[in-house]
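Atoms within a ligand are numbered from 1 in the order they appear, just like the ligands themselves.
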Amino acid sequence: MSVYIFIDHSEGHVKKASLEALSYGATLASQLNTTAEGILLGTLSTDPALLGKYGITKVHQAAQESLNALDSQVYAKIIADFVSAAGDSILVFSNNLSGKAVAPRVAVRLKAALVTGAIALPDTSKGFVVKKTVFSGKAFANISLNTPTKVIALNPNAYSVKEGEGKAEIVPLTATAPAPKVRVVSATAATGHVPLTEAEIVVSGGRGLKGPENWGIIEELANLLGAATACSRPVADAHWRPHNEHVGQTGIAIAPNLYIAIGISGAIQHLAGVNRSKVIVVINKDPEAPFFKAADYGIVGDAFEVVPKMITAVKKLKG
Ligand code: FAD
């Protein structure tokens, strides 16, 4: 039984969440005394053999450029066919947008037990039990996977990337891709320089910013910190910001190392998407704002005074 990790990539680069999945899969494989191997559909701008430094011994690559754009149905068919031929396996995905689209489809095709939102390595002392978050991160559940092949989707930022030495062997994967049922007609790039789901730092604004014309300070602070920008739902609903920046229960769930919430009240539906952030900084002029209860650092003050001061301070620090 091998551990296979889905290598998720975009524009030639492996996503950080996928590097975490590779590190997780490699540690799991060494726990189980087996090998960790990657599955790569499409091509990278760097040599895939270099992924060996994350602990995998082989990369099974279907190197058709047509596979560079993720098509969940095509990907699921190729991966499920490959794993069926390989025999009982453990498959690891990141529980990011790609993993959420592909992992359940693969699990259904393989009739395999699936756990999404995993946050720890499986406990194999009593079967195969994986800890996951439930109720928007408010509680945990331990899920027992009892099928011969198991599928795990690991929450982004739940497991640290472990980098060592080593080169992986590239093994061609002959994929018979089914005709896609969905054709992408056009794609619009998300705003901002850093993709929200990949960002280590996120600067987010709420209705307290008063209007779209005031987002300059959010963007300036984000650019200085190398951060992505996000917003609360009413802000996206009012078209102050695009919907792909909306975080929360009905938006994107993120888990950056630092989340800076500016003029956001901290409603439970907002917190549901950001409460896995490692450090939360809240700037709000109302000392009673609920967000302060979830904050690691809180600044009671007017965003239009505090944020420009932060910008000046960061500029000074950067020299
Ligand atoms: P407000 O609640 O209006 O808060 C604005 C905050 O800004 C206040 O705390 C105020 O004190 C502060 N403020 C005002 N002026 C300043 C200033 N000058 N400087 C500093 N602070 C200032 N919301 C989400 O965000 N994401 C979701 O996914 C989501 N899903 C939902 C799903 C459902 C089913 C429902 C019912 C609601 C959902 N909501 C979601 C909405 C959520 O309940 C809140 O209404 C929303 O998060 C509030 O947005 P806000 O904090 O930007 O605005």
Heavy atom of the protein closest to [atom] (residue, atom name, distance):
atom                    : answer
atom 3 (O) of ligand 1  : Arg207 NE, 2.9 Å
atom 2 (O) of ligand 1  : Ser265 OG, 3.0 Å
atom 18 (N) of ligand 1 : Asp302 OD1, 3.1 Å
atom 9 (O) of ligand 1  : Asn284 ND2, 2.9 Å
atom 13 (N) of ligand 1 : Gly208 CA, 3.6 Å
atom 6 (C) of ligand 1  : Gly263 O, 3.4 Å
atom 39 (N) of ligand 1 : Gln269 CB, 3.6 Å
atom 15 (N) of ligand 1 : Lys210 NZ, 2.8 Å

With heavy atoms under 4.0 Å as the rule, classify the contact between [X] and ligand 1 as side chain, backbone, both or neither.
X      : value
Phe291 : neither
Ala267 : side chain
Pro234 : side chain

Contact (N/O only, under 3.5 Å) between Cys231 and ligand 1: no
Any N/O pair Val247/ligand 1 closer than 3.5 Å: yes
Might you point out which heavy atoms bring [X] and [Y] nearest each other, and give the distance in Å?
X      : Y      : result
Lys150 : Pro148 : NZ-O, 3.8 Å
Ser204 : Cys231 : OG-N, 3.5 Å
Ile90  : Phe128 : CD1-CE1, 3.6 Å

Flag for Glu245-Thr229: side-chain donor and acceptor within less than 3.5 Å: yes
Under 4.0 Å to a heavy atom of Gly301 - the qualifying atoms of ligand 1, by number: 19 (N), 20 (C)
Gly205 to ligand 1, any heavy atom closer than 4.0 Å: no
